[in-house]
Amino acid sequence: MATGQNDPERRERIITAALDLIAEEGVAGTSHRKVAARAGVPLGSMTYHFGSMDELLREAFTRFSSSIVAVFEERLGAATTPNEAREAIADLVHHLSSGNQRELVLTHELYTLAARKPAYRELTREWMSRSRRALRWHFDPATARQLDALIEGLSIHRALETEPHDRALTLEAITRITQGGGAAA
């Protein structure tokens, strides 16, 4: 086990360990002791790097939401036309729902916290704002808001269904929302 100054990655390992534990055991099953053990750090490192479990959770969920937004930005940034943007959004829905249980659980754990605690609600608002900003590269603000909700809903439904809908249905829903003059100016 590395110590203090010789372990510049310790804080990052703690955050990663916290996300892994949340995905496996939920927020309620995540503790300082479990995170420290998973990260391979002394228990005292937890309070050195994070003043509270709440601070660690906010940092972990901030990292998680930023990683999802990065996928949005990458896929939408590659599109150069509205049709390419529609295709990118369909790809995004199917990527987000393609059986990655870790991302699904982390998303729902964050939503549960956001439903109860304003600090996490602000974090989810920032996540939505950043996602919508990427969608506005191709569509007007109202359409971007609708698409953001559609992406979320379709991703959740596909991930939880025993027989998820196919890409053609996803693309049809996206097209219906975006064909009413929703291209960005």
Side-chain angles (χ1 to χ4, degrees), residues 1-77 89 92-93 95-137 141 144-145 147-160:
M1 182 176 335
T3 59
Q5 294 175 319
N6 296 330
D7 189 7
E9 301 300 317
R10 181 175 289 184
R11 189 172 197 284
E12 294 304 311
R13 283 200 326 275
I14 291 170
I15 294 168
T16 299
L19 287 169
D20 290 344
L21 278 166
I22 293 165
E24 291 172 17
E25 300 185 26
V27 169
T30 302
S31 68
H32 281 285
R33 188 173 303 281
K34 288 179 180 179
V35 172
R38 173 67 65 94
V41 302
L43 186 56
S45 288
M46 299 299 295
T47 54
Y48 175 80
H49 290 286
F50 302 96
S52 65
M53 180 57 81
D54 197 53
E55 186 181 327
L56 171 58
L57 291 174
R58 279 194 317 272
E59 186 74 27
F61 280 122
T62 297
R63 178 198 284 176
F64 170 69
S65 63
S66 291
S67 72
I68 300 297
V69 170
V71 173
F72 265 64
E73 291 171 344
E74 176 185 332
R75 291 181 185 253
L76 290 165
I89 293 166
L92 185 61
V93 167
H95 166 79
L96 294 172
S97 61
S98 64
N100 186 337
Q101 286 299 112
R102 182 179 190 273
E103 287 182 0
L104 178 67
V105 170
L106 288 171
T107 299
H108 286 275
E109 288 287 333
L110 174 55
Y111 290 165
T112 299
L113 282 172
R116 293 187 181 117
K117 296 184 177 187
Y120 296 95
R121 205 164 305 129
E122 186 54 39
L123 201 159
T124 59
R125 281 188 202 113
E126 176 60 24
W127 179 358
M128 289 185 290
S129 174
R130 290 179 62 199
S131 298
R132 290 174 188 162
R133 194 173 312 129
L135 290 162
R136 285 194 311 266
W137 294 340
R145 181 178 286 270
L147 285 169
D148 192 37
L150 179 72
I151 292 165
E152 195 73 25
L154 288 178
S155 297
I156 291 168
H157 282 243
R158 282 195 85 254
L160 298 176

(request) Determine the minimum heavy-atom distance between I14 and L56, stating which atoms define it. (result) CG2-CD1, 3.9 Å
(message) Looking at every heavy atom in both E109 and G26, which two are closest together, and how far apart are they?
(response) OE2-CA, 3.4 Å
(request) List the atom of A144, the atom of R136, and the distance in Å for their closest heavy-atom pair. (result) CB-CG, 3.6 Å
(request) Give, for atom CG of L123 and atom CD of E126, the distance between the pair rounded to the nearest 0.5 Å. (result) 8.0 Å
(message) Assess the residue pair R38 and T16 against the criterion (side-chain hydrogen bond (donor to acceptor under 3.5 Å, both in side chains)); give the C-alpha distance rounded to whole Å, side-chain angles, the decisive distance to 0.1 Å, and a yes or no.
(response) CA-CA 9 Å; R38 173 67 65 94; T16 299; over 6 Å; no
(message) Applying side-chain hydrogen bond (donor to acceptor under 3.5 Å, both in side chains), can you list everything that pairs with K34, at least two apart in sequence or on another chain?
(response) E25
(request) To the nearest 0.5 Å, tell me how far I151 CD1 sits from S97 OG. (result) 11.5 Å
(request) Not counting sequence neighbours, which residues clear side chain to side chain contact (heavy atoms under 4.5 Å, CB included) with V71? List them please. (result) R75, L92, H95
(request) Kindly indicate, with the supporting measurements, whether the criterion side-chain contact (heavy atoms from CB on, under 4.5 Å) is fulfilled by D20 and R102. (result) CA-CA 8 Å; D20 290 344; R102 182 179 190 273; 2.8 Å; yes
(request) Not counting sequence neighbours, which residues clear side-chain hydrogen bond (donor to acceptor under 3.5 Å, both in side chains) with E152? List them please. (result) Y111
(request) Please list all pairs passing the ring pair (Phe, Tyr, Trp, His ring centres under 6.0 Å) test where one or both residues lie in residues 40-68, with sequence neighbours left out. (result) F64-W127
(message) Between V105 and I22, is there a side-chain heavy-atom distance shorter than 4.5 Å?
(response) no
(request) Determine the minimum heavy-atom distance between R10 and S45, stating which atoms define it. (result) NH1-OG, 2.8 Å
(request) Rounded to the nearest 0.5 Å, what's the gap from OG on S131 to CZ on R145? Could you check? (result) 12.0 Å
(request) For residues A159 and Q101, report the shortest heavy-atom separation together with the two atoms involved. (result) O-OE1, 4.4 Å
(request) Using a 4.5 Å cut-off on heavy atoms from C-beta on, say whether the side chain of L76 contacts that of I89. (result) yes
(message) Check this for me: does any side-chain nitrogen of one of R58 and E55 sit under 4.0 Å from a carboxylate oxygen of the other?
(response) no
(message) Quick check: do E59 and R63 have side-chain heavy atoms less than 4.5 Å from each other?
(response) no
(request) Please round to the nearest 0.5 Å and tell me the distance separating atom CG of L57 and atom OG1 of T62. (result) 10.5 Å
(request) Sequence neighbours left out, what passes side-chain hydrogen bond (donor to acceptor under 3.5 Å, both in side chains) with S67? Give chain and number order. (result) none
(message) With rounding to the nearest 0.5 angstrom, report the OG to CG distance, S31 to L21.
(response) 7.5 Å
(request) Using a cut-off of 6.0 Å, state whether more than 12 heavy atoms not belonging to H108 lie near its atom NE2. (result) yes
(message) Using side-chain heavy atoms (C-beta onward) and a distance below 4.5 Å, is V93 in contact with L150?
(response) no
(request) Identify, with sequence neighbours excluded, every residue that meets side-chain hydrogen bond (donor to acceptor under 3.5 Å, both in side chains) alongside S129. (result) R133
